[in-house]
2 protein chains.
Amino acid sequence: MPAVSDCIEMLDSETKAVETPEDHAEELRLWLRLLTCTTLIEGEVRGRLRQRFDVTLPRFDLMAQLDKAPEGMTLSDVSKRMMVSNGNVTGLVERLVESGHLDRRTSDTDRRVQVIRLTKLGRAEFRRMAAEHETWIADLFADLSPKDVRELMRLLAKTKASAQKSAGRRRA
Amino acid sequence: MPAVSDCIEMLDSETKAVETPEDHAEELRLWLRLLTCTTLIEGEVRGRLRQRFDVTLPRFDLMAQLDKAPEGMTLSDVSKRMMVSNGNVTGLVERLVESGHLDRRTSDTDRRVQVIRLTKLGRAEFRRMAAEHETWIADLFADLSPKDVRELMRLLAKTKASAQKSAGRRRA
DNA sequence: CCGAATTGTTTTAAGCCTAAAATGTTTCCC
DNA sequence: GGGAAACATTTTAGGCTTAAAACAATTCGG
């Protein structure tokens with residue numbers, strides 16, 4: 001059983017939560033650090049893709065999605081997977097079809113739907129880029145031990161779940 | 001002293017590094033998860049800022065930098081801190097001066113330099129937004145324990161250092 | 001002191017990105 | 001069957017973003 005002073009503390013801290021602004025400086029710092037890491041790595045990858053293959057990161061990301069779906073994907077699927085807007089995908093696909101990396105056709109069973117997939121050229125170029133890309137990522141994370149990687153994976157999974165829950169609460 | 005079999009293993013793994021492609025699937029998955037978390041949270045914050053205050057995330061970020069520097073900052077400083085290109089800052093500042101949130105003047109001692117700072121209006125609006133913003137972040141990370149937060153901070157610091165080192169190697 | 005780097009900012013050209021409205025298609029259900 | 005709702009995509013308008021080139025001002029080395 002908790003001491004009286006503990007109970008007072010607990011009550012106190014719960015009261016505070018309603019009456020006075022809580023201190024969330026730690027979470028804020030965590031968010032900024034997370035953002036910094038991502039921006040840093042993303043910028044590095046973007047630059048290398050540009051220099052080595054003259055390709056943009058969004059194009060690479062889109063091709064990566066399609067590489068995992070040999071039978072093709074709809075634009076909506078791509079949009080959800082990449083977590084970008086529908087209109088964004090439209091333009092991206094347009095340019096990749098233009099450059100011969102993507103094939104696009106209207107679904108036979110539903111004329112609303114556009115199915116896109118990698119062309120032979122698109123797949124070949126993507127595989128070539130992906131192989132090198134993987135070594136860049138390995139190098140960027142090189143100072144993390146296997147244990148660090150596992151632990152980060154676990155904590156980020158928890159973070160993702162927490163954020164999704166919070167986003168859900170807002171939309172509800 | 002390591003056993004003979006260990007030596008063989010070590011040699012083997014070092015040889016592999018050169019001769020055959022290493023497996024970096026774990027690092028790749030980690031990078032994708034990191035990116036997912038950031039995109040998720042960033043999108044959520046962007047949406048809330050727009051709905052509640054009709055402001056964009058980049059504008060908010062720029063004001064956040066200036067709020068920490070009452071004496072003002074140069075465009076280069078802002079650009080480095082925000083990790084975006086110089087030209088990007090120019091446009092952003094233009095719009096924020098236009099809307100009365102920023103004050104901009106040429107340095108007395110160096111006519112190349114533009115010093116910007118928040119106006120009274122800009123500071124007041126930022127403080128109002130920042131207070132609410134902090135509660136959003138707290139909510140998005142709500143399911144993480146204080147220990148999780150500390151551990152994530154530590155691992156992300158390590159990640160940042162590793163990525164910076166790797167980026168430095170490339171530029172060298 | 002003067003030309004050559006260096007530094008700070010802006011401009012340019014192209015592409016990325018979003019939210020919201022518009023368009024076309026399918027499904028649901030009465 | 002015939003609307004209403006839901007869905008997939010495109011369009012629109014505006015803003016963000018980058019890399020590279022251009023411009024302007026300062027500093028540095030001889």
Side-chain angles (χ1 to χ4, degrees), chain A residues 35 38-40 42-63 72-99 101-102 104-116 171, chain B residues 35 38-40 42-63 72-99 101-102 104-116 171:
Chain A
L35 188 55
T38 300
T39 305
L40 188 60
E42 195 172 332
E44 200 57 27
V45 171
R46 184 194 309 282
R48 296 190 200 203
L49 280 174
R50 170 176 204 59
Q51 288 206 341
R52 285 281 298 134
F53 302 114
D54 193 33
V55 77
T56 67
L57 184 51
R59 280 186 234 238
F60 179 80
D61 285 344
L62 176 40
M63 288 196 269
M73 295 175 82
T74 70
L75 296 200
S76 286
D77 287 344
V78 171
S79 160
K80 281 188 200 82
R81 287 290 188 96
M82 291 181 75
M83 298 194 284
V84 299
S85 67
N86 287 337
N88 189 356
V89 174
T90 297
L92 221 36
V93 167
E94 221 160 60
R95 288 183 285 270
L96 280 166
V97 168
E98 172 68 24
S99 63
H101 294 86
L102 258 57
R104 158 205 240 153
R105 58 180 190 69
T106 303
S107 162
D108 297 324
T109 60
D110 187 339
R111 277 182 310 180
R112 288 173 302 184
V113 174
Q114 303 283 321
V115 177
I116 54 175
R171 272 190 298 280
Chain B
L35 189 54
T38 300
T39 305
L40 188 59
E42 196 171 334
E44 200 58 26
V45 170
R46 184 193 309 281
R48 297 191 200 203
L49 280 175
R50 192 180 44 73
Q51 286 206 341
R52 287 279 299 133
F53 302 113
D54 193 33
V55 76
T56 66
L57 184 52
R59 281 185 231 235
F60 179 82
D61 285 345
L62 176 40
M63 288 195 270
M73 294 176 82
T74 71
L75 295 200
S76 285
D77 287 344
V78 171
S79 160
K80 282 188 200 83
R81 287 288 189 94
M82 292 181 74
M83 298 194 285
V84 300
S85 67
N86 287 339
N88 190 355
V89 174
T90 296
L92 220 37
V93 167
E94 224 160 56
R95 288 181 287 269
L96 280 167
V97 168
E98 172 68 25
S99 63
H101 294 86
L102 258 57
R104 157 205 240 155
R105 61 180 189 68
T106 302
S107 162
D108 297 324
T109 60
D110 187 337
R111 278 182 308 181
R112 285 172 304 183
V113 174
Q114 303 282 321
V115 178
I116 55 175
R171 271 191 299 281

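Chain identifiers are assigned alphabetically (A, B, ...) following the order of the sequence lines, protein sequences preceding nucleic acid strands; residue numbering begins at 1 within each chain. Predicted, not measured: the structure shown is a model, and the values here were computed from it.
- We find that CG of B:Asp54 is positioned 12 Å from C1' of D:dG14, with the value rounded to whole Å.
- With rounding to the nearest 0.5 Å, the separation of OG1 in A:Thr39 from CD in B:Glu42 is 7.0 Å.
- The shortest distance between the side-chain N/O atoms of B:Thr56 and the OP1/OP2 oxygens of C:dT18 is not below 4.0 Å.
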Polar pairs (N or O, both sides) under 3.5 Å between protein and nucleotides 21-28 of chain D?
{"unit_1": "D:dT26", "atom_1": "OP1", "unit_2": "B:Arg111", "atom_2": "N", "d": "3.2"}

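- In this structure the side chain of B:Val93 reaches within 4.5 angstrom of the side chain of B:Arg104, judged on heavy atoms.
- In this structure, the side chains of B:Leu92 and B:Arg95 come closer than 4.5 Å at one or more pairs of heavy atoms.
- In A:Arg81, the CZ atom is not crowded: 12 or fewer heavy atoms of neighbouring residues, nucleotides or ligands sit closer than 6.0 Å.
- The closest side-chain donor-acceptor pair between B:Ser76 and B:Thr74, if any, does not fall under 3.5 angstrom.
- Of the inter-residue distances, the one linking A:Leu96 atom CG with A:Glu94 atom CD reads 10.5 Å to the nearest 0.5 angstrom.
- Mapping B:Pro58 and A:Gln51 onto DNA chain D by nearest heavy atom places B:Pro58 at the nucleotide closer to the 5' end.
- A:Leu92 comes within 4.0 angstrom of sugar-phosphate atoms only, judged by non-hydrogen atoms across all strands, and of no base.
- If you take CD of A:Glu42 and C1' of C:dC16, they are 12 Å apart, rounded to a whole angstrom.
- Atom CD of B:Gln114 is separated from atom C1' of C:dT7 by 14 Å (rounded to the nearest Å).
- Here the P atom of nucleotide C:dG15 and the CD atom of A:Glu98 are 10 Å apart, to the nearest Å.
- Looking at B:Val115 and B:Met73, their side chains never come closer than 4.5 Å, going by heavy atoms from C-beta outward.
- A heavy atom lying under 4.0 Å from DNA chain D marks the following residues of residues 78-88 of chain B, by number: B:Met83, B:Val84, B:Ser85, B:Gly87, B:Asn88.
- Contact annotation: A:Thr90 side-chain N/O to D:dT11 OP1/OP2 distance is not under 4.0 Å.
- In this structure, A:Arg59 atom CZ and C:dG15 atom C1' are separated by 7 Å, rounded to whole Å.
- Contact annotation: the side chain of A:Thr56 never approaches that of A:Leu49 to less than 4.5 Å [non-hydrogen atoms, C-beta and beyond].
- One can place CG of B:Leu49 at 15 Å from C1' of D:dC16, the figure rounded to the nearest angstrom.
- Here the P atom of nucleotide C:dG8 and the CE atom of B:Met73 are 13 Å apart, to the nearest Å.
- Partners of B:Asn88 by side chain to side chain donor-acceptor pair (under 3.5 Å), not counting sequence neighbours: none found.
- Note: CZ (A:Phe60) to C1' (C:dC16) measures 17 Å, nearest angstrom.
- The side chain of A:Arg95 contributes an N or O atom lying less than 4.0 Å from OP1 or OP2 of C:dC16.
- Across C:dC17, C:dA19, D:dT17, the shortest atom-to-atom separation from the side chain of B:Arg50 is found for C:dA19.
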